[in-house]
There are 2 protein chains.
Amino acid sequence: MCSIKDVAKHANVSVTTVSRVLNDFPNISAKTRQKVLDSITALDYHPDYMARSLSKQQSLIIGVIIPDCSHPFFAELVKHIEMTAENNGYKILLCNSLNDEKKERSYINMLKEKRVAGIIMGSHLINTDFYQSIHRPIITFDRYLGDNIPYIGSDNFTGGQLATQHLIDSGCKSLLHISGSHQLHTQANKRSDGFKITCIENDINYQILEYQYAQLTFDYYYEYIKTTVSPLLSEIDGVFCSNDILAYALYVYCTNHDISVPKTLKIVGYDYCQFTRLLQHPRITTIAQPIPIIGELLSKNIIQMIEDGETHNVYSQTLGVKLVKGITT
Amino acid sequence: MCSIKDVAKHANVSVTTVSRVLNDFPNISAKTRQKVLDSITALDYHPDYMARSLSKQQSLIIGVIIPDCSHPFFAELVKHIEMTAENNGYKILLCNSLNDEKKERSYINMLKEKRVAGIIMGSHLINTDFYQSIHRPIITFDRYLGDNIPYIGSDNFTGGQLATQHLIDSGCKSLLHISGSHQLHTQANKRSDGFKITCIENDINYQILEYQYAQLTFDYYYEYIKTTVSPLLSEIDGVFCSNDILAYALYVYCTNHDISVPKTLKIVGYDYCQFTRLLQHPRITTIAQPIPIIGELLSKNIIQMIEDGETHNVYSQTLGVKLVKGITT
DNA sequence: CTGAAAGCGCTTACAG
DNA sequence: CTGAAAGCGCTTACAG
């Protein structure tokens with residue numbers, strides 16, 4: 001591994017000159033530039049990223065903190081975050097918080113250690129105040145943390161409305177919404193608002209259930225349905241689930257307990273992630289979030305914040321959603 | 001953001017002393033240590049990771065290169081790689097090669113820029129020679145690149161045998177194996193060997209088809225089945241697919257074309273990743289790879305290689321597989 | 001037990 | 001158009 005000094009010696013110029021060639025400075029004679037370039041290839045020289053970062057006081061790495069990259073929704077989100085970052089010269093440091101608050105905090109400390117230039121935050125256990133002490137680029141997925149921290153998310157309110165209105169238009173008279181915990185003030189809570197308002201406007205009976213955040217797995221959801229949801233199932237004829245894995249777990253529960261979907265019970269999910277798109281039996285009726293665009297915007301915006309050194313230019317963005325009709329309604 | 005100098009000044013000691021406290025050196029008086037510790041908390045000081053890396057000439061980051069983190073198999077693998085890395089003080093830089101050779105190469109250059117201390121390579125388009133010029137810690141998933149580069153993988157040969165024997169035991173008389181390209185010398189090719197030998201030993205007719213690596217998506221597989229596999233379907237009664245998404249695509253194709261599974265055609269997949277485990281209709285018969293253990297070993301071993309500075313102590317490892325019976329056989 | 005100084009490999013005013 | 005020197009924020013022999 002040779003350093004810039006070796007190149008300078010080999011090309012018979014100063015270190016400064018080599019650095020200038022490396023960084024494409026204009027005022028260099030064609031001859032000198034070529035000499036340096038030749039030495040670089042001759043020695044197979046590669047600039048040391050750490051040294052460059054230290055002297056430029058910048059890191060081309062973005063931290064991405066999510067609950068679990070094996071969850072199909074986040075797997076897909078991360079893919080698009082990474083692709084966009086890569087296209088803009090950044091790499092991503094992937095962190096699974098596993099919904100553990102301590103881990104979230106310790107991952108965020110990467111900012112203070114200057115390991116990363118900014119963070120995309122998709123895991124939401126730490127309370128809002130903590131973030132205000134950081135004063136460095138952070139953008140979130142689907143959570144409001146304060147006016148100086150932008151978020152990107154889908155139009156959860158409209159999503160809630162679309163899902164609910166669809167259930168009502170399909171003939172449902174009594175609805176249930178199964179939601180993630182409202183304790184965390186995430187934008188996803190607005191799905192419940194959309195649900196509630198649409199029910200009220202249509203003069204429809206409704207109930208809302210909140211599961212706690214833990215493992216976001218099929219098994220957890222299935223257990224939750226068995227213990228908490230199933231007692232209500234006789235009173236209702238339509239369910240709006242806060243995500244597709246949950247919706248699928250409910251569908252499977254119904255199949256196993258001779259509840260006919262969509263005849264007796266209609267189900268709408270949320271996300272339309274890869275798993276849902278692949279699933280053929282059943283095709284779940286769901287609200288589609290534009291995952292690729294969300295990922296892209298998270299990356300682009302955090303990069304803009306990093307490079308501008310300012311937050312004001314970046315605004316929170318809410319992206320359109322649409323209903324995808326399957327056979328569960 | 002304050003530096004080690006500020007802490008030194010605040011505590012009235014030298015920078016050296018602060019550094020010693022930071023690095024838990026033994027020979028420091030309790031009093032001095034406490035003074036420094038107090039200053040650190042008073043100033044909310046966090047050591048600069050870049051500076052430390054530069055002077056120690058080490059990076060606590062592992063590069064992870066895979067084709068696509070949104071593929072359920074890799075999503076799960078990455079999760080376990082990351083968890084293990086984190087538990088050992090390392091972070092991971094996630095790279096999706098999207099099966100693009102250029103990207104693979106440029107991601108590997110991270111090693112030469114000292115951005116990462118080592119690389120876990122799960123994407124296999126570059127030919128073997130290239131790696132020999134790197135002389136730095138690399139470990140691969142499922143591919144042999146040379147004696148000095150260990151790999152971790154499941155027992156592909158046995159997997160192929162198990163799948164094939166199971167089809168034969170279920171009454172199949174004429175088998176097809178759909179495999180990834182054999183051009184890349186990955187360990188996965190041994191699945192075909194296991195298949196072939198088991199067919200020969202049992203005196204069974206067989207054929208092998210190779211699809212090209214491109215997008216590893218359901219849609220690609222479905223199209224491939226339509227154009228290339230379907231003409232053969234009348235001659236055979238059992239298929240061993242090289243992965244579960246492919247097996248699922250085949251199942252869906254059969255459903256859509258009135259081919260009864262498992263009656264007319266029996267199907268065995270490979271992987272038993274999250275998608276397959278979640279899938280209830282149908283539960284696919286498949287060969288389960290121990291994904292969590294593979295991820296864990298990839299991390300642990302690359303870390304050992306990094307810290308030992310030697311390759312010899314790390315050996316390639318082949319992990320056991322088992323058959324999971326579903327309803328497609 | 002503690003500190004002054006050199007060094008890690010770059011970049012960037014400053015000077016010519 | 002080019003170079004000598006200081007600096008980024010740490011660590012680590014070396015000396016006492």
Open item on the list: As a test of your reading of the structure, name each stem of DNA chain D as range with range, where a stem is three or more consecutive Watson-Crick or G-U pairs at under 3.5 Å.
Closed with: C:1-3 with D:14-16, C:5-12 with D:5-12, C:14-16 with D:1-3
- [ ] Please work out if T16(A) contacts a base, only the sugar-phosphate, or nothing of the nucleic acid, heavy-atom cut-off 4.0 Å.
- [x] base
TODO: Give S53(B) one of three labels, base, sugar-phosphate or nothing, depending on what nucleic acid heavy atoms sit under 4.0 Å from its own.
DONE: nothing
Task: Side chain of K5(A) - closest among dA4(D), dG3(C), dC8(C) - done: dC8(C)
Task: Residue S3(A), side-chain atoms from C-beta onward, closest of dT11(C), dG3(D), dG9(C) - done: dG9(C)
Open item on the list: Does T17(A) reach a base, just sugar-phosphate, or nothing at all? Heavy atoms under 4.0 Å.
Closed with: sugar-phosphate
Open item on the list: Just by distance, no angles: are the side chains of S29(A) and T32(A) close enough, under 3.5 Å, to form a donor-acceptor pair?
Closed with: yes
- [ ] For H10(A) and N12(A), test the side chains for any donor-to-acceptor distance below 3.5 angstrom and give the result as yes or no.
- [x] no
Task: Distance-only polar pair, side chains of E86(A) and N96(B), donor-acceptor under 3.5 Å - done: no
Task: Nucleotide of dC10(C), dG3(C), dC8(C) approaching V13(B) most closely (side-chain heavy atoms) - done: dG3(C)
TODO: Using atom CZ of R115(B) as one end and atom P of dC10(C) as the other, report the distance to the nearest whole Å.
DONE: 13 Å
- [ ] Would you indicate what Y49(B) reaches in the nucleic acid, counting non-hydrogen atoms under 4.0 angstrom: base, sugar-phosphate, or nothing?
- [x] nothing
Open item on the list: Please classify the nucleic acid contact of D48(A) as base, sugar-phosphate, or nothing, using heavy-atom distances under 4.0 Å.
Closed with: sugar-phosphate
Task: Length of the line joining K56(B):NZ and dC10(D):P, which is rounded to integer Å - done: 13 Å
- [ ] Indicate whether the side chain of S97(B) and that of S123(B) have a donor and an acceptor atom separated by less than 3.5 Å.
- [x] yes
- [ ] Report the distance from atom OH of Y90(A) to atom OG of S59(A), rounding to the nearest 0.5 Å.
- [x] 8.0 Å
